[in-house]
Amino acid sequence: MEYEFEGAVWEWRGPSPYHFVTIPPECADMVRQLASAVTYGWGMIPVEVRLGKSRWRTSLFPKDGGYVLPLRDSVRNKEDIALDDVVRIRLVVRAG
């Protein structure tokens, strides 16, 4: 399944700081319906992402009943994305 949405970039300040975009509730609901067929553990959902000219594979992380998409620093730098920027994301849920 393919989804397209916009979201703001936010930072998680843990032992390893990372940037994320929260998946909107309507997309998260559809992803949740596929979760049992594609998750590989801990609720992680494998996806292929396109943001600007960048494409990569990663996994959605479950958070607060929804999902968040991690943004690699290499992608943020290449696409000139900063904290709080609103970005347009296209993602495809992959089978494990």
Side-chain angles (χ1 to χ4, degrees):
M1 300 211 72
E2 188 171 315
Y3 306 98
E4 195 166 333
F5 59 91
E6 290 185 347
V9 176
W10 56 274
E11 183 178 26
W12 178 69
R13 289 207 163 266
S16 296
Y18 222 91
H19 292 80
F20 293 90
V21 175
T22 300
I23 305 301
E26 60 276 6
C27 291
D29 289 343
M30 290 185 273
V31 169
R32 195 174 298 104
Q33 292 174 15
L34 301 172
S36 65
V38 298
T39 188
Y40 58 89
W42 306 291
M44 308 293 274
I45 307 294
V47 293
E48 183 173 309
V49 182
R50 188 170 10 172
L51 189 163
K53 294 180 181 177
S54 298
R55 274 186 121 139
W56 74 100
R57 289 185 170 190
T58 188
S59 294
L60 301 179
F61 296 11
K63 182 175 184 342
D64 300 330
Y67 297 95
V68 297
L69 172 70
L71 294 181
R72 296 178 177 175
D73 287 343
S74 61
V75 171
R76 286 189 319 100
N77 292 333
K78 179 179 177 183
E79 299 292 338
D80 196 27
I81 296 169
L83 186 63
D84 298 322
D85 281 355
V86 174
V87 295
R88 184 149 199 80
I89 303 273
R90 176 175 284 169
L91 68 84
V92 176
V93 176
R94 299 183 305 113

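Numbering starts at 1 and runs along the sequence shown.
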Check side-chain hydrogen bond (donor to acceptor under 3.5 Å, both in side chains) between Arg90 and all other residues, then give those that pass, not counting sequence neighbours.
Glu2, Glu4

With a cut-off of 6.0 Å (strictly less than), are more than 12 heavy atoms of other residues, nucleotides or ligands near CG of Asn77?
yes

Could you give the side-chain donor-acceptor pairs of residues 56-72 under 3.5 Å, partners two or more places apart or in another chain?
| unit_1 | atom_1 | unit_2 | atom_2 | d |
| --- | --- | --- | --- | --- |
| Ser59 | OG | Tyr40 | OH | 2.7 |
| Arg72 | NH2 | Arg57 | O | 2.9 |

I'd like to check the side-chain hydrogen bond (donor to acceptor under 3.5 Å, both in side chains) partners of Arg32; sequence neighbours left out, ordered by chain and number.
Asp29

Do Tyr3 and Ile23 come close enough that some side-chain heavy atom pair is under 4.5 Å?
no

For Glu79 and Lys53, which heavy atoms make the closest approach, and how far apart are they?
OE2-N, 3.0 Å

Separation between CG of Leu91 and CZ of Arg50, rounded to the nearest 0.5 Å
11.0 Å

Report the residues that fulfil salt bridge (Lys or Arg N to Asp or Glu O under 4.0 Å) with Asp73, sequence neighbours left out, ordered by chain and then residue number.
Arg76

Please check if the side chain of Thr39 supplies one atom and the backbone of Met44 the other of a donor-acceptor pair under 3.5 Å.
yes

I'd like to check the side-chain hydrogen bond (donor to acceptor under 3.5 Å, both in side chains) partners of Trp10; sequence neighbours left out, ordered by chain and number.
Thr22

Would Ile45 end up clustered with Val92 when hydrophobic side chains under 4.5 Å apart are linked, directly or stepwise?
no

What are the two closest heavy atoms between Val38 and Ala95, and how far apart are they?
CG1-CA, 3.9 Å

Going by the salt bridge (Lys or Arg N to Asp or Glu O under 4.0 Å) test, which pairs reach into residues 7-25, not counting sequence neighbours?
Glu11-Arg13

Would you name the heavy atoms of Asp84 and Ala8 that are closest together and state the gap between them?
O-CB, 4.4 Å

Side chain to side chain contact (heavy atoms under 4.5 Å, CB included) for Leu51 and Val21? Distances and angles first, verdict last.
CA-CA 11 Å; Leu51 189 163; Val21 175; 5.9 Å; no

Hydrophobic clustering (ILVMFWY, side-chain heavy atoms < 4.5 Å, transitive) - are Trp12 and Val86 grouped together?
no

List the atom of Val49, the atom of Val47, and the distance in Å for their closest heavy-atom pair.
CG2-CG2, 3.8 Å

